[in-house]
Amino acid sequence: MKFFIDTANLAQIKEANELGILDGVTTNPSLMAKEGIKGSDAVMAHYKTICELVDGDISAEVISTDFNGIVEEGKKLAAIHPNIVVKVPMIKDGVKALKWFTDNGIKTNCTLVFSAGQAILAAKAGATYLSPFIGRIDDSNWDGVELIAQISQIYSIQGFKTQILAASIRNALHIVKCAEAGADVCTCPLDSILGLLKHPLTDIGLAKFLEDAKKTA
Ligand code: G3P
């Protein structure tokens with residue numbers, strides 16, 4: 001399973017990258033706004049900076065909702081760097097645009113996915129990645145991980161090549177459960193990635209080893 005970090009914060013991207021386990025970055029307009037990035041030139045420049053920091057797929061989201069707008073915006077984003085993946089919302093014109101990008105060799109990430117039906121449509125359109133938002137599904141009293149498992153089964157039976165990119169991850173357990181359910185990628189906040197490190201017996205065991213090491217010094 002690939003690890004992406006889900007943020008536009010450069011310090012957090014650097015910290016995750018330095019761990020040596022980072023395969024890419026996802027962003028969205030909310031994450032860009034959180035970093036105070038304002039204006040389309042600044043947004044494009046920020047994507048370029050992220051591409052220079054991390055050697056992996058970098059999702060950059062369109063804000064147009066009509067076919068022509070999505071395609072024009074996506075072409076501009078894709079021209080920033082070869083690693084850019086154009087992030088397109090799961091709407092009717094988005095599906096049409098996904099197919100256009102597929103036919104024109106541009107990688108895509110279909111976002112705002114909440115059902116298996118949407119996952120089938122995106123795969124039919126040739127999306128490179130599919131982003132089910134599992135935390136938001138949990139928030140609405142459904143089971144986000146269950147959706148990952150269902151899509152994984154469908155893609156496997158049908159031979160779809162679209163990679164399942166579990167998004168809206170809220171904690172380390174989500175990452176483990178998504179790995180178990182067949183996600184190809186997890187895009188996570190830094191805290192959830194670092195949460196995987198934590199186990200009290202590791203801390204207790206290390207403290208004891210270091211204490212005993214003094215006896216052998
Ligand atoms: O990648 C999508 C993700 O950023 C959404 O996460 O926590 O806003 O539901 P969240």
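For ligands, and for the atoms within them, numbers begin at 1 and follow the listed sequence.
Between S168 and ligand 1, a contact under 3.5 Å exists for at least one N or O pair. Looking at ligand 1, you won't find any N or O of T187 less than 3.5 Å from one of its N or O atoms.
Ion pairing of D138 with R170 is absent here, as no side-chain N (NZ or NE/NH1/NH2) approaches a carboxylate O to less than 4.0 Å.
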Please tabulate, one pair per line, all N/O donor-acceptor pairs under 3.5 Å involving side-chain atoms of residues 28-40, not counting sequence neighbours.
residue: N28; atom: OD1; partner: S30; partner atom: N; Å: 3.0
residue: N28; atom: OD1; partner: L31; partner atom: N; Å: 2.7
residue: E35; atom: OE1; partner: N9; partner atom: ND2; Å: 3.1

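Between F67 and D93, the shortest heavy-atom distance links the atoms N-OD2, 2.7 Å.
Close contacts between ligand 1 and A167 involve ligand atoms 1 (O), 2 (C) [criterion: under 4.0 Å to a heavy atom].
Nearest protein neighbour of atom 5 (C) of ligand 1, counting heavy atoms only, is R136 NH2, 3.6 Å. Of the protein's non-hydrogen atoms, the one nearest atom 2 (C) of ligand 1 is F133 CZ, 3.3 Å. D6 OD2, 3.1 Å is the protein heavy atom nearest to atom 1 (O) of ligand 1. Ranking protein heavy atoms by distance to atom 7 (O) of ligand 1, first place goes to R170 NE, 3.2 Å.
With a 4.0 Å cut-off on non-hydrogen atoms, N28 touches ligand 1 through its side chain and not its backbone.
Separation of atoms CD1 (I5) and CD1 (I193) is listed at 4.5 Å; rounding is to 0.5 Å. Rounded to the nearest 0.5 Å, atoms CH2 (W142) and CG (L147) are 10.5 Å apart.
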Side chain to side chain contact (heavy atoms under 4.5 Å, CB included) for Q150 and Q153? Distances and angles first, verdict last. CA-CA 5 Å; Q150 186 186 19; Q153 191 184 14; 5.6 Å; no
